[in-house]
Amino acid sequence: MMSRALMLSAISSSASSIADPLTARDSALMVAALQALGVRINTTDDSLWAIHPGAFHGSTTIDCGLAGTVMRFVPPLAGLVDGDVTFDGDPAARRRPMGPLLEALGRIGVDVKHDSGGLPFTIAGTGSVSGGHITIDASASSQFVSGLLLSAPRFGNGVTVTHSGAAMPSTPHIRMTVDMLRDAGAVVDDSARNTWRVEPGQPSGRAWSIEPDLSNAAPFIASALVTAGTVTILRWPHRTSQPGDLLRQLVTDFGGRAELTADGLRVTGTGSINGIDAELSEAGELTPVIAALCALADSPSSLRGIAHLRGHETDRLAGLRAQINGLGGDVIETPDGLRITPSPLKAGVFETYDDHRMAHAAAVIGLVVPGVELSDVACTTKTLPQFPQMWDQALGH
């Protein structure tokens, strides 16, 4: 939600504000990218950011870090720049899929220069993008579609995007994109399955209020389940398009209790965890913490619909298998997910692969298994820099 609000503010006709902004490495990278293109963003006030769109300019380099939103949302916008914009990022980001988006940009009049179908690449902006109809295989990432839609109001002919390929993951993220485009005044038609049409026309500036990132709540919710404790996640929305809202149902499936209250979401665990059979294609980012819970359950589990996680910050399926099995677990990779049979776990180092979600999984296992060490907790700065302090506080340390 945060990156989408920044993108829409950047292409609007007037100033916007963002209340309760998410301050993390991903959002800092997005802010820096838009500032490099000429957008004025004042982040002095931690509780309210001001965004003033201006004339886009290029001849710059953008650091994507490991942020999929930066590497997939900003390139279509760079086509509106008069000048070359080069994109690069962390070494692991160079392995993340980008080819379908770069090819799609070429088909709507954007000059893209690349060697490998991924980072690094250069957008040779001409100041305008014709737009039109694009067919794209977004089975590797729904961010390909969202990236094209977010800048489409500024394209000469808008854009019509049709997904053609295997089942697309994380579709709630596209619903979020569509909802936010409409909130900004854009005209979007999503009535046809796997097709989205955005009409040309500059959105209006507006005041955005950012919901808490529900996916970041996963390890805290899991802590209640494994310790027979209770945790309340403040400001949990009663209506949301965030895929992290699936956590409420998963808590029940695991045998816990989830209740929406005036304060937020209250989760209570029993200390006993049921094995589950879960289709997670719409909320794949929850998989590492869910896999950790499955490894601590009282019966086998199957997690399906998550083959696309092999192209995330790391290959999360291979990483979870290797790290949980390294602690004595029994995890088998399937073509589209994981089969997890609980077995006694032991102490050891849990490698995070610079992936914040892997660190969350290790933290959950460490609540039950003495001697589990994270190789790197600093990677949680990607979306939640305060995670170590919040974790200690939640556990009463």
Side-chain angles (χ1 to χ4, degrees), residues 1-9 16-24 26-27 30 46-49 51 68-69 73 142-143 146 149-150 169-186 188 190 203 206-225 230-254 256-269 278-287 289-290 356-357 360 380 382-387 390-391 393-394:
M1 180 173 285
M2 182 69 194
S3 291
R4 288 164 176 80
L6 285 166
M7 285 289 301
L8 290 170
S9 299
S16 296
S17 63
I18 297 179
D20 302 315
L22 173 65
T23 304
D26 276 12
S27 51
M30 179 62 80
D46 290 342
S47 62
L48 187 69
W49 290 0
I51 301 95
T69 50
F73 290 2
S142 67
Q143 289 178 345
S146 287
L149 300 181
L150 285 166
S170 305
T171 53
H173 287 107
I174 297 181
R175 292 196 292 271
M176 182 192 299
T177 297
V178 169
D179 289 346
M180 293 181 70
L181 276 161
R182 287 173 173 154
D183 288 343
V188 186
D190 61 346
R206 58 159 289 152
W208 297 98
S209 181
I210 303 301
E211 297 175 358
D213 184 336
L214 303 187
S215 297
N216 277 337
F220 300 97
I221 287 173
S223 72
L225 297 181
T230 297
V231 65
T232 298
I233 309 299
L234 301 178
R235 295 180 55 228
W236 194 282
H238 284 243
R239 294 186 61 188
T240 182
S241 56
Q242 289 193 63
D245 196 40
L246 180 62
L247 282 165
R248 291 193 292 146
Q249 178 60 51
L250 290 168
V251 164
T252 301
D253 294 343
F254 278 122
R257 186 169 70 252
E259 177 189 7
L260 276 173
T261 70
D263 293 328
L265 182 68
R266 181 189 297 130
V267 175
T268 303
E279 212 285 343
L280 296 177
S281 62
E282 293 199 343
E285 64 264 40
L286 303 179
T287 298
V289 167
I290 298 307
H356 57 145
R357 306 295 184 197
H360 293 167
T380 57
K382 185 177 192 295
T383 56
L384 191 61
Q386 308 88 350
F387 176 75
M390 292 174 67
W391 191 249
Q393 182 181 6

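Keep in mind the model is a prediction, meaning the values are calculated, not measured. In this chain, numbering begins with 1 at the start of the sequence shown.
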When every non-hydrogen atom of T232 is compared with those of D263, the smallest separation belongs to CG2-CB, 4.4 Å
Which of these passes side chain to side chain donor-acceptor pair (under 3.5 Å) with N216: Q386, R357, H360? R357
Can you tell me if R4 uses its side chain to pair, donor with acceptor, with the backbone of M176 under 3.5 Å? no
Between T268 (side chain) and T230 (backbone), is there a donor-acceptor pair under 3.5 Å? no
Where do D190 and R182 land on the salt bridge (charged side-chain N to carboxylate O under 4.0 Å, His left out) test, with the steps shown first? CA-CA 11 Å; D190 61 346; R182 287 173 173 154; 2.9 Å; yes
With sequence neighbours left out, write down each residue that passes side chain to side chain donor-acceptor pair (under 3.5 Å) with S209, or none if nothing qualifies. none
Just how far is it from atom OG1 of T287 to atom CG of L280, taken to the nearest 0.5 Å? 4.5 Å
Between CZ on residue R239 and CG on residue D245, distance to nearest 0.5 Å: 11.5 Å
Is there side-chain contact between F387 and H356, with at least one heavy-atom pair below 4.5 Å? no
To the closest 0.5 Å, what do you measure between CH2 (W391) and CG (L384)? 11.0 Å
Write out all pairs satisfying salt bridge (Lys or Arg N to Asp or Glu O under 4.0 Å) with one or both partners inside residues 207-218, taking only residues at least two apart or from two chains. none
Exercise: identify the closest heavy-atom pair between L214 and P237: CD2-CD, 3.8 Å
Side-chain touch I221/I233, heavy atoms, less than 4.5 angstrom: yes
Check: F220 main-chain N/O paired with S223 side-chain donor or acceptor under 3.5 Å: yes
Nearest heavy-atom pair of V231 and A224: which atoms, and what distance? CG1-CB, 3.7 Å
Do S27 side-chain atoms and L22 backbone N/O form a donor-acceptor pair below 3.5 Å? yes
When rounded to the nearest 0.5 angstrom, what is the spacing between CG in L247 and OG1 in T252? 11.0 Å
Taking side chain as C-beta onward, heavy atoms only, is M1 less than 4.5 Å from W208? no
Non-hydrogen atoms of A283 and L246 that approach each other most closely: CB-CD2, 3.9 Å
How far apart are the C-alpha atoms of I18 and L6, what are their side-chain angles, what is the distance that settles it, and do they pass the side-chain contact (heavy atoms from CB on, under 4.5 Å) test? CA-CA 8 Å; I18 297 179; L6 285 166; 3.7 Å; yes
Just verifying a value: how many Å separate F73 CZ and M30 CE, rounded to the nearest 0.5 Å? 6.5 Å
Quick one: does any side-chain atom of E259 pair with a main-chain N or O of T261 as donor and acceptor, under 3.5 Å? no
To check you understand the geometry: which heavy-atom pair defines the closest contact between E282 and P243, and what is its length? O-CB, 3.1 Å
Roughly how far apart are M7 CE and L150 CG, rounded to 0.5 Å? 5.5 Å
Report the C-alpha separation of L149 and V188 in whole Å, then their side-chain angles, then the decisive distance to 0.1 Å, and conclude whether the side-chain contact (heavy atoms from CB on, under 4.5 Å) test is met. CA-CA 9 Å; L149 300 181; V188 186; 5.7 Å; no
Mind listing the closest non-hydrogen atom pair of P169 and S142 along with its distance? O-CB, 3.2 Å
Just by modelled atom types, is the T69 backbone N or O under 3.5 Å from a matching donor or acceptor in the D26 side chain? no
